[in-house]
Amino acid sequence: MHFILKYNDVFNMSTELSEQEILRREAAEQIRALGINPYPAPLYEVNAKSTEILEKFPLDNTLFQEVSIAGRIMSRRVMGAASFVVIQDSVGKIQLYVKRDEICPTEDKTMYNVVFKKLLDIGDIIGVKGYVFVTQMGETSIHVKELTVLSKSIRPLPIVKEKDGVIYDAFTNPEQRYRQRYLDLIVNPQYRNVFIQRTILVNTMRDFLNEKGYLEVETPILQPLYGGAAARPFKTYHNTLDTTLYLRIANELFLKRLIVGGYDGVYEFSKDFRNEGMDRFHNPEFTQMELYVAYKDYFWMMDIVEEMVERIALALHKTTKVQVGENIIDFKRPWKRYTMFEAIEHFTGIDISNMDEAALRETCKKLNIPTDNSMGKGKLIDEIFGETCESKLIQPTFIYDYPIEMSPLAKKHRSKEGLVERFEAVCNGKEICNAYSELNDPIDQRERFIDQLELGKRGDTESMVLDEDFLRALEYGMPPTSGLGIGIDRLAMMMTNSHSIQDVLFFPQMKPEKHNTQSTSNE
RNA sequence: GACUAAGUAGCUCAGUCGGUAGAGCACAUCCCUUUUAAGGAUGGGGUCCUGGGUUCGAAUCCCAGCUUAGUCACCA
């Protein structure tokens, strides 16, 4: 009891420490009292990794005879003067055999009897030196000759156990997993791989774009005007400038300014922010890769997307076929290409390409798609596509030629009235990218912005605002340009077969954590 | 925003009809020199999410709230 008082006083804790937390703090102090720093400063030389040893030693048992390895204690079985410990390093786990007279060759058995047996716990980080051997039970292990405390853990670790494929005490509570991702990564190390795959995905994309000679750039996140997408922004304030700033919702307009400036191709991996709903496909901050290339059109960009995504699949899976939920998706080139009208005709048997607004509305009624009077021709077409086609497009498919009303930054179609040169790639029933032949006619762009302002006046909270500086840039002349946006999180979900965006973000947005303090609201 | 489900020990979870709060692991003590879900024995550990109500008595029944998850809606 005096420990509780002591530690709650010393650490000024608002909540009482658990018995285990107190005992571990005590242990750390006792280690110190023995002249051992539980948090030593010098580097610890490591010359092997767990999985490397487990793979190579059975093939050549002369290897690893002077091994030095470090990791976190995940289990401990003390049997008198000999013990077994499992440590986990960055790649896996390996068993240690710790024998008293080996780590304490002299009369002084303190290191084993006191430090190892009494003061170390699951969760502590240690380094060991020794040689690799195989136990009588046939498990490749490290015979420890020297043990160093590297970091004392003062909070008990939830331990997941497994036998014969059965998982015991799985740490699966999604809230805890996301809030305490570090803990998730410790006790559920299989999830480390998802994030490694995400990084390989990004690196593959970056290598691909660099090989093509495009320039990776950085553009502002804090912007006086937001633009480039239809979304509600986050608003903030700069004190010195005494001005409102917005967190970017897309980087399109800045990258196009750089094309005006004379670069042939620019791209950016950008964190974008949208002040909208959250669910398993939406996090308030997310990552996009946007690419703009001069003198190209949208057909050219389809080829680039195919090539790039196919290469990503190969980099991650060594094959173009990827398991996503129930489906196996084959990213092998070439992908199917349908115009939006063709796709609708393919799935409904109805040709809407020459319909006027009234006929479209009638078609919606026939297909049981709810409409309202605010919907114009473009919106009606988009609704029909979304309801009848999108979820059925499992294998990668380009859908192109969109209604102009939905695409205020895309160039008018070279031959088809009322459409723009835009495509999306859809797979597993979800959009994975969005691209245009970019609108470079400054007069047309100004008119499109004005149309957006009208929508805003009618209460559309996601309509675009007029960006006078962007128009000024276009007025100096932008070459014909093809632009692309790929949602990195969505692509990562697909490539790692993850059910939720929270599974491909280390730290997904959560509500502020409620601390378990006394309830204060008696109102 | 709607609906459904959940909230009990550090972790994973039981808890019968409303009658003293349970298990495994973790933790402590003891035993044990090659063990395997973490060897054996013993033991400590609880704001049963919060507040109110019904009742002699509530983890359990009722009401309200909070938190979380899932699905749908909205939203690219």
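Throughout, protein chains are lettered first and strands after them, A, B, ... in sequence-line order, and every chain is numbered starting at 1.
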Looking only at the side chain of [X] (C-beta and beyond, no hydrogens), which of the listed nucleotides [options] gets closest?
X       : options                : result
M79(A)  : G39(B), U68(B), C27(B) : G39(B)
D101(A) : C32(B), U33(B), C11(B) : U33(B)
Q502(A) : A69(B), U34(B), U35(B) : A69(B)
Q136(A) : C30(B), C27(B), U35(B) : U35(B)
D121(A) : U35(B), U33(B), C27(B) : C27(B)
D279(A) : A73(B), U33(B), U36(B) : A73(B)
R280(A) : U33(B), A28(B), U71(B) : U71(B)
T135(A) : U35(B), U71(B), A69(B) : U35(B)

[N] base / [X] side chain donor-acceptor hit below 3.5 Å:
X       : N      : result
N173(A) : C11(B) : no
E139(A) : U34(B) : no
E19(A)  : G45(B) : no

Residue matched to [N] through Watson-Crick or wobble contacts both under 3.5 angstrom:
N      : answer
G46(B) : none
A2(B)  : U71(B)
C25(B) : G10(B)
C30(B) : G40(B)
U35(B) : none

Subject >> Comparing R490(A) and Y97(A) on RNA chain B - which has the more 5′ nearest nucleotide >> reply: Y97(A)
When rounded to the nearest Å, what value does the distance between [atom1] atoms of [N] and [M] take?
N      : M      : atom1 : value
G46(B) : C63(B) : C1'   : 26 Å
U34(B) : A21(B) : C1'   : 41 Å
G70(B) : G15(B) : C1'   : 25 Å
G19(B) : U55(B) : C1'   : 12 Å
U68(B) : U8(B)  : P     : 15 Å
G52(B) : G22(B) : C1'   : 28 Å
A23(B) : G65(B) : C1'   : 32 Å
A9(B)  : G24(B) : P     : 16 Å

Take atom [atom1] of [X] and atom [atom2] of [N], then tell me their distance rounded to the nearest Å.
X       : N      : atom1 : atom2 : result
R76(A)  : U35(B) : CZ    : C1'   : 14 Å
Q20(A)  : C11(B) : CD    : P     : 10 Å
K117(A) : U33(B) : NZ    : P     : 9 Å
I501(A) : C75(B) : CD1   : P     : 18 Å
I186(A) : G10(B) : CD1   : C1'   : 14 Å
F84(A)  : U34(B) : CZ    : C1'   : 4 Å
E383(A) : C75(B) : CD    : P     : 8 Å
F171(A) : C13(B) : CZ    : P     : 11 Å

Between [X] and [Y], is there a donor-acceptor pair closer than 3.5 Å when you use the side chain of the first and the backbone of the second?
X       : Y       : result
N188(A) : Y191(A) : no
D489(A) : T287(A) : yes
E21(A)  : S18(A)  : yes

Select base, sugar-phosphate, or nothing to describe what [X] touches, counting heavy atoms under 4.0 Å on all strands.
X       : result
E276(A) : sugar-phosphate
A230(A) : sugar-phosphate
E424(A) : base
V160(A) : nothing
F281(A) : nothing

Subject >> R232(A) atom CZ, neighbour heavy-atom count above 12 within 6.0 Å >> reply: no
Subject >> Aromatic plane relationship, Y298(A) with Y400(A) - under 30° parallel, 30 to 60° tilted, over 60° perpendicular >> reply: perpendicular
Ignoring backbone atoms, test whether [X] places a side-chain nitrogen or oxygen under 4.0 Å from the OP1 or OP2 oxygen of [N].
X       : N      : value
R77(A)  : C32(B) : no
H282(A) : A73(B) : no
K118(A) : C30(B) : yes

Original post:
Heavy-atom distance under 4.5 Å between the side chains of S50(A) and Q88(A), does that happen here?
Top reply: no
Subject >> Salt bridge present between D101(A) and K109(A) (N-O < 4.0 angstrom) >> reply: yes
Original post:
Does a salt bridge link K129(A) with E66(A), judged by any charged N lying under 4.0 Å from a carboxylate O?
Top reply: no
Original post:
Do Q65(A) and F57(A) pass the side chain to side chain contact (heavy atoms under 4.5 Å, CB included) test, and can you show the C-alpha distance, the side-chain angles, and the key distance before you say yes or no?
Top reply: CA-CA 10 Å; Q65(A) 293 310 291; F57(A) 185 78; 3.6 Å; yes
